[in-house]
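Any value given below was found using the heavy atoms of this structure, including those in side chains, with hydrogens, waters and symmetry copies removed. In what follows, chains are A, B, ... by sequence order, proteins preceding strands, each numbered from 1.
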2 protein chains.
Amino acid sequence: MARPTIADIARRAGVSKGAVSFALNGRPGVSAATRERILRVAEEMNWRPHSAARALGGARAGTVGLVLARPARTIGLEPFFGQLLSGLQAALSTRGTALQLLVVEDTAAEIEVYRRWTSEHRVDGFVLVDLQVRDPRVPVLEELGVPAMVIGGPGRHGRLPSVWADDREAMLSLVEYLAALGHRRIAHLAGLPAFQHTRRRIRAVRDGARRLGLEAVSLPTDFSDAEGAAATRALLARPRRPTALIYDSDVMAVAGLGVAAEMGVAVPGELSVVSFEDSALARIVHPALTALTRDTFALGEQVARALLALLDDPGTARDIKNPTPRLTVRESTAAPGDRTA
Amino acid sequence: MARPTIADIARRAGVSKGAVSFALNGRPGVSAATRERILRVAEEMNWRPHSAARALGGARAGTVGLVLARPARTIGLEPFFGQLLSGLQAALSTRGTALQLLVVEDTAAEIEVYRRWTSEHRVDGFVLVDLQVRDPRVPVLEELGVPAMVIGGPGRHGRLPSVWADDREAMLSLVEYLAALGHRRIAHLAGLPAFQHTRRRIRAVRDGARRLGLEAVSLPTDFSDAEGAAATRALLARPRRPTALIYDSDVMAVAGLGVAAEMGVAVPGELSVVSFEDSALARIVHPALTALTRDTFALGEQVARALLALLDDPGTARDIKNPTPRLTVRESTAAPGDRTA
DNA sequence: CAGTATGACTAAACCGGTCTAGCGAAGGGG
DNA sequence: CCCCTTCGCTAGACCGGTTTAGTCATACTG
């Protein structure tokens, strides 16, 4: 038999379709004995639910969506997304839910996908990343009334619940670490100012530097290796150049490392380099990068669990705090002017 | 009105559901005038097909699957998949088809996903990557009778059609390039020997070296930065160490670069380094890596188009050749012993 | 002009589940 | 002992499309 349906099971078990549906979904309406028998028959016949049939009838689509807006041909998935993806899928798969991933060109296209997938009933909910300052996606998702979890925060994402890590606290710890090493002039190679987390990190650098009496400057970039390199070149060419650089991403930090090597600036002897984002990339370059480490896989799991809970009960929208990233010291940082390093 | 259905359109246009279905799908059965009117009404009401309803009734699921088997926490580093994904999606989206991506732990789990998604009608077809030597996934997909496109080849994938690039030709061009620079002792840091492309590349290195009278050795690794680094360390510690290294992946090449720096071996002065895989990563490290460049985005598009054609007409299974990767020379290669570099 | 082919369209079955209304039997309360 | 509730289950509507069988009017054929 090709693909048994619940009608086949019902016939074989001598019950009705309804009884089979109840039994297979673990809901009341059948006795324990009958349920047992039905499950055994379903197992024997190797029955699998037809996802489309289930999605019809107003039930779940069994899928949640993740849409990334970035130019298609630029760098592939950053390690962050690979990890996040795996974490999301790990948690979702325990509940038979799939993750639909789509990469689009820009935010407008992203919003269009939200509308389409919602009206086509393709997904039950969304995961939102890269929260922007006055994020246009938030009101759209609220209007669509579709469950969604935001990664990032706190605050500024309307009524949508979020999972967030304390970027401010993390950045402060970075600045304090550099200050403790003896650095007095630091620079921060930030990401796109349109992102909320970029703004938060810039503010944290400013506040931390002020408190510790450091000179600090933040330079916004577009997160690309090209701009990271260009900004680094400009900084190192200054007469009183900084003795430590904080990069918002591992890719930019690696690009910066390349510029330092090219300009003959020794790392960490003459320049300390720190990445706000840890990854395999940060480990394999030479010198290995001191970086903020966070468990992105676990973050993904947490987000997925929260979204599943939200699907079960739309009332449970609450913000959840993720552990603050911890500093992993490697070879790219030292006291300023330490010629032995 | 929440979500109009074809019944709503039918009522408004004063025709039957069937007529609407015919009109919206561009098939005969309605006059041009009626079709026009129905389309206008559908547009006015902002109608969108309900993907589940369509998938029921034996029609398309409107989705194809890509399942990657690799340890959950390691993915994301390779730019290859990001590019491939974007290319696949670009071509698929022109036909309203979505891509379902899943990362699983191993090949056994991957096969289980093929079975499940097929029996659940979740996808219409699959894209298969990382072809292995006696790949157990091939017979399963053949048995399931589900359309699938293989990336890799040529040969050794049963009746499944593939899109392939000439790895052998590419590797030979690499070896010839190094020989022309004057290298006589080269080593090849290969990937997992279980992969067909790894075997092909190893054979190409051996054949090329024999023809050109070089000493060559291939060392298999697991593609990880750790093994890449370890193998590099072992090679450079040999008394008569090679003057050029070919890495099967950019990640390993970067790790190797780190080892060389650590051991005080100048690149490219004392050692030339080449990566078989180009990427942003290869560009941003210092020195920038000479690498084989291929248009992975275009590859993805090509695969997607071939798969869509296969869905339309299961008879059209043909292997397609992708352009051979071209060498991009950067800073990591020079003549052996060139102290000016 | 009868007979038939063709085109436009309708009605209804169908895909494979979910879910509600309802029914008979058993159990419990007063 | 009767009524009412609860339990276990069935029948069938329903989700939103696709597809087939069939109807009717018109055009074509000989």
Side-chain angles (χ1 to χ4, degrees), chain A residues 1-39 41-42 45-63 96 116-122 124 311-312, chain B residues 1-39 41-42 45-63 96 116-122 124:
Chain A
M1 153 137 10
R3 195 168 213 323
T5 70
I6 56 166
D8 299 322
I9 296 175
R11 205 174 310 120
R12 183 112 142 225
V15 293
S16 70
K17 276 171 61 184
V20 174
S21 179
F22 291 145
L24 291 172
N25 291 293
R27 41 176 69 212
V30 285
S31 67
T34 310
R35 179 187 307 275
E36 168 69 22
R37 182 159 45 92
I38 292 174
L39 289 177
V41 172
M45 302 181 77
N46 194 26
W47 175 85
R48 299 290 167 77
H50 190 302
S51 54
R54 233 178 209 173
L56 203 55
R60 291 273 173 86
T63 306
R116 200 177 58 221
W117 283 3
T118 305
S119 70
E120 289 177 2
H121 263 206
R122 218 179 241 287
D124 300 314
L311 298 182
D312 287 338
Chain B
M1 153 133 14
R3 194 162 217 323
T5 71
I6 56 166
D8 299 321
I9 297 174
R11 203 172 315 120
R12 183 111 142 224
V15 294
S16 70
K17 275 171 62 183
V20 174
S21 179
F22 292 145
L24 292 172
N25 291 294
R27 40 176 68 211
V30 284
S31 66
T34 310
R35 180 185 306 275
E36 167 70 21
R37 182 160 46 92
I38 292 174
L39 289 177
V41 172
M45 301 180 77
N46 194 29
W47 174 85
R48 299 289 168 77
H50 190 302
S51 53
R54 224 172 218 177
L56 203 54
R60 292 273 172 85
T63 306
R116 199 176 61 223
W117 282 3
T118 303
S119 71
E120 287 178 1
H121 262 205
R122 218 180 241 287
D124 301 313

S.K.: How many Å lie between NZ on B/Lys17 and P on C/dA11, as a whole number?
M.R.: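 Rounded to the whole Å, the gap is 12 Å.
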S.K.: Given atom CG of B/Leu56 and atom P of D/dT19, what is their separation to the nearest angstrom?
M.R.: 12 Å
S.K.: Taking CZ from B/Arg122 and P from C/dG16, how many angstroms apart are they, rounded to a whole number?
M.R.: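 Whole-Å distance recorded here is 17 Å.
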S.K.: Step by step, work out the side-chain contact (heavy atoms from CB on, under 4.5 Å) result for B/Ile9 and B/Arg12.
M.R.: CA-CA 5 Å; B/Ile9 297 174; B/Arg12 183 111 142 224; 5.8 Å; no
S.K.: Whole angstroms only, please: what is the NE2-C1' distance between B/His50 and D/dG17?
M.R.: 9 Å
S.K.: Nearest-nucleotide wise, let me know which of B/Ala53 and A/Val15 is further upstream toward the 5' end of DNA chain D.
M.R.: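 Its nucleotide being nearer the 5' end, the pick is A/Val15.
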S.K.: Can you tell me how far P of D/dG17 sits from CG of B/Leu24, to the nearest Å?
M.R.: 9 Å
S.K.: Where the side chain of A/Ser16 is concerned, which of D/dA11, C/dT18, C/dC9 is the nearest nucleotide?
M.R.: D/dA11
S.K.: Quick check against the 3.5 Å criterion: does B/Arg35 have a side-chain atom that pairs as donor or acceptor with the backbone of B/Arg27?
M.R.: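 Indeed, once roles are kept as given, a pair shorter than 3.5 Å links the two residues.
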S.K.: Between A/Phe22 and A/Trp47, which is nearer to the 5' end of DNA chain C once each is assigned its nearest nucleotide?
M.R.: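 Closer to the 5' end of DNA chain C: A/Trp47.
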S.K.: Starting from P on C/dC9, measure out to CD1 on B/Ile38 and report it in whole angstrom.
M.R.: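 Value for this atom pair: 7 Å.
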S.K.: Of all the choices, C/dG16, C/dT10, D/dG8, which nucleotide is nearest to the side chain of A/Ser31 once you look at every atom?
M.R.: D/dG8
S.K.: Can you tell me the distance, in whole Å, between the CG atom of B/Asn25 and the C1' atom of D/dG16?
M.R.: 13 Å
